[in-house]
There are 2 protein chains.
Amino acid sequence: MATKCKQCPLRLQHQFLPMSQDEVNAMQRFKVGELVVDAGAPILMQGSNSPQLFTALHGMGLRYKYLENGKRQVVNFILPGDFIGLQAGVMGEMGHSVEATTKMTLCVFDRSAIWNFFKDNPERAFSVTWLAAIEEHFLGDALATVGQRDALQSVAWALAKVYLRGQQLNMVSKSQMPLPFRQQDLADALGLSLVHTNKTLAKLRDRQLAQWSDGVLSIADIDKLAAIAMIEDTTVPPRPLL
Amino acid sequence: MATKCKQCPLRLQHQFLPMSQDEVNAMQRFKVGELVVDAGAPILMQGSNSPQLFTALHGMGLRYKYLENGKRQVVNFILPGDFIGLQAGVMGEMGHSVEATTKMTLCVFDRSAIWNFFKDNPERAFSVTWLAAIEEHFLGDALATVGQRDALQSVAWALAKVYLRGQQLNMVSKSQMPLPFRQQDLADALGLSLVHTNKTLAKLRDRQLAQWSDGVLSIADIDKLAAIAMIEDTTVPPRPLL
DNA sequence: CGTGGGGTTGACTGAATTCAAGTAGTGTGG
DNA sequence: CCACACTACTTGAATTCAGTCAACCCCACG
C-alpha cells in the first residue's frame, strides 16, 4: 500500500529539513499515488511533457540525455529523496530522460495540481525552488568537473560526491555503500571513454583511495579522496524533501 | 533615476511572458533600487551570502567558479533579463561568482524579503522556479556539450546559443550582435584551452559559419551553424522576467 | 614610446580515445 | 551437461584531438 507522507521514512532523516504538520498534510494531498518500476524501466523521456512528477523513495536511477550523434551525457545519479520532473512541472518539457537503474519506488504527484500547490503552500513552493537551486549548484560543479578536472580528479570527484550523499542517507556502513551503476554510466557522466574510466578506477584502487566492484563502493579515507578531487567542502547541507 | 517596473524596457519584449498589473506592482515593491557597475566589477562572490538579488537590465556579465588549482569554469554568459543570485536567495550561498564584463545596470532586490515575496505572490514564486528550471535545463545542455561534443561542435554550440538568445533580445541586426567577451572566457566556458579555442574559431571563420572579432558576433546562416552544433531546436521558448 | 592585454600561428607533447583482444559470470536451449 | 550468446569489466597498443610552449602582431594607454 502507498506510504503515507506522515510515515515517510525519508522525512525523518536528519539530512532533510523538518516539515510542519501543515506541510506534511499538503504533501499528502498533492500525492496521487505510488509507482514501482523495475530495473531498467524508463520513467521520463527527454522532450516529453509528463503529466506526473515524482520523488524517489527507494532505489536508484539515472538522468541522461542523448545527442544526435548517439553520445549520451549522464546528468546525474538519482538517489532516494530526489525530486524528478521539475522541468516538466514548470516549463512543460523535460531536458533529459530519467530511468530506473534498480527497482524503484516513486511518490507520484499530479503535474496539473502544481499551480494550486504553489498558491496554497508557499513554504512548499519555496522548497521546490530551493531544490531547483541545489540542482543548479550541483550542475555547476559537474560542469566544472567535466570542463576543468583531469580524469583522475573527475572520477575521484564523482565517487566522493555520491559517497557523501550516501552517508547522509544512511546507506554507508563500514565505509561501504551500494552503487549499482555500470562503469559506462560513470564514463558518460564524466565525458570520459569507458576504457579510460576503467583504467582510472584501477588507479584509484591501486592507490587504495576508492574501490568499486560488484555494485559496492568502498572508500576508506573520504578526505584523502576529496583532496584529490579538489572538493573544498565535504559537508552536505540539509535540503528540503518533497 | 531608477527605472520603474511599469516602464521596464525588457518586460515588453516578446521573449518575456506578459505580467499582470498586480505582478508588476509586486515586482516594484520587491525592487529596492538600481545598481550600475563598471566593466570588470565583481557582483557576487562564490561562497558568499549576498543580501541582494539582481536582474540584469543592461550590459553583459559572466558567471564562473574557480577550482583549487586555479582553473576557471565559466558557467554561462549573463544577458539582459537574467536573474542573478537565486542560490544565495534560497540556499544562502552562491555556488559561483558573478562579474560584469561591460558596464551593467541591475535591478536590486532585497534577499530578506524573498520569503514574503513568495507568500504574497504565488505567480511570481512560480516564475522564480520556472527560471530556475530553465537554468537547470541550460546547464544540462552545457554539461552535454563539454562532455560529449568535440571542439568544433562546442564552439559552434556556444556561439549559436548566444546568438539565438541575442535574437530574442533584439540585439541582432544584419546578422550581427555585440558579444563583448574574450576568447579566454569562451575557452573557460567550454573546457578548452585558449589556443585551441582560437584555432577552432578560425576554422568556423574560414568555413564562413561564424565570425567573432572586436566584440561583434556575425552569423550568416544560423541553421547551418546549429546543424554542426547538433542543436535540435533553434526556437527559444518564452520565459518569465523578474 | 614602452608596456600590457588580447589575439594569432606554428611546433611539439601528451592525455584520453579508439581499436583490439580476452576474461569472467550469467542465462538459454539443444 | 555443455555449447552459445551476451553483458560487464579488463588490459595493451596505436592513434588523435587538444594542450602546452613559444613567438609574434596589433593596438590602446600612460
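Here is how names work: the chains are called A, B, and so on, in the same order as the sequence lines, proteins then strands, and each is numbered from 1.
- Among the nucleotides D:dA18, C:dG7, D:dT20, the one closest to any side-chain atom of B:R182 is C:dG7.
- Atoms CZ (A:R205) and C1' (D:dT10) sit 9 Å apart, rounded to a whole Å.
- Within the structure, a side-chain polar atom (N or O) of B:Q183 is placed less than 4.0 Å from OP1 or OP2 of C:dT8.
- One N or O donor and one acceptor, one from the side chain of B:K199 and one from the base of C:dG10, sit under 3.5 Å apart.
- Atom-to-atom, CD of A:Q184 to P of D:dT7 comes out at 13 Å; the value is rounded to the nearest Å.
- With respect to B:D185 and B:R182, a salt bridge is recorded, a charged nitrogen being found less than 4.0 Å from a carboxylate O.
- Considering only the side chain of A:V195, C:dT18 comes nearest among C:dG6, C:dA16, C:dT18.
- Here C:dG7 presents its C1' atom at 17 Å from NE2 of B:H196, a figure rounded to the nearest Å.
- The pair B:D188-B:K71 does not count as a salt bridge, with every side-chain nitrogen at least 4.0 angstrom from each carboxylate oxygen.
- Residue B:L194 is out of contact with every strand shown, counting any heavy-atom pair closer than 4.0 Å.
- Between A:F181 atom CZ and D:dA8 atom P there is a gap of 14 Å when expressed in whole angstrom units.
- Nearest nucleotide to the side chain of B:N198, out of C:dT9, D:dT11, D:dA18: C:dT9.
- Within 4.0 Å (heavy atoms only), A:G215 reaches no atom of the nucleic acid at all.
- With a 6.0 Å radius and a threshold of 12 heavy atoms from other residues, nucleotides or ligands, A:D214 has its CG atom at or below the threshold.
- C:dT17 atom P lies 10 Å from atom CG of A:L190, rounded to whole Å.
- Taking atom CG of residue A:L186 and atom C1' of nucleotide C:dA16, one finds them 15 Å apart after rounding to whole Å.
- Using a cut-off of 4.0 Å between Lys/Arg side-chain N and Asp/Glu carboxylate O, A:D82 and A:R165 are scored as salt-bridged.
- Using a distance-only test at 3.5 Å, with no hydrogens or angles considered, no donor-acceptor pair links the side chain of A:E136 to the main chain of B:E135.
- At whole-Å resolution of the value, CZ in A:R149 and P in C:dA15 are 19 Å apart.
- Rounded to whole angstrom, the span from the CD atom of A:Q148 across to the P atom of C:dA15 amounts to 17 Å.
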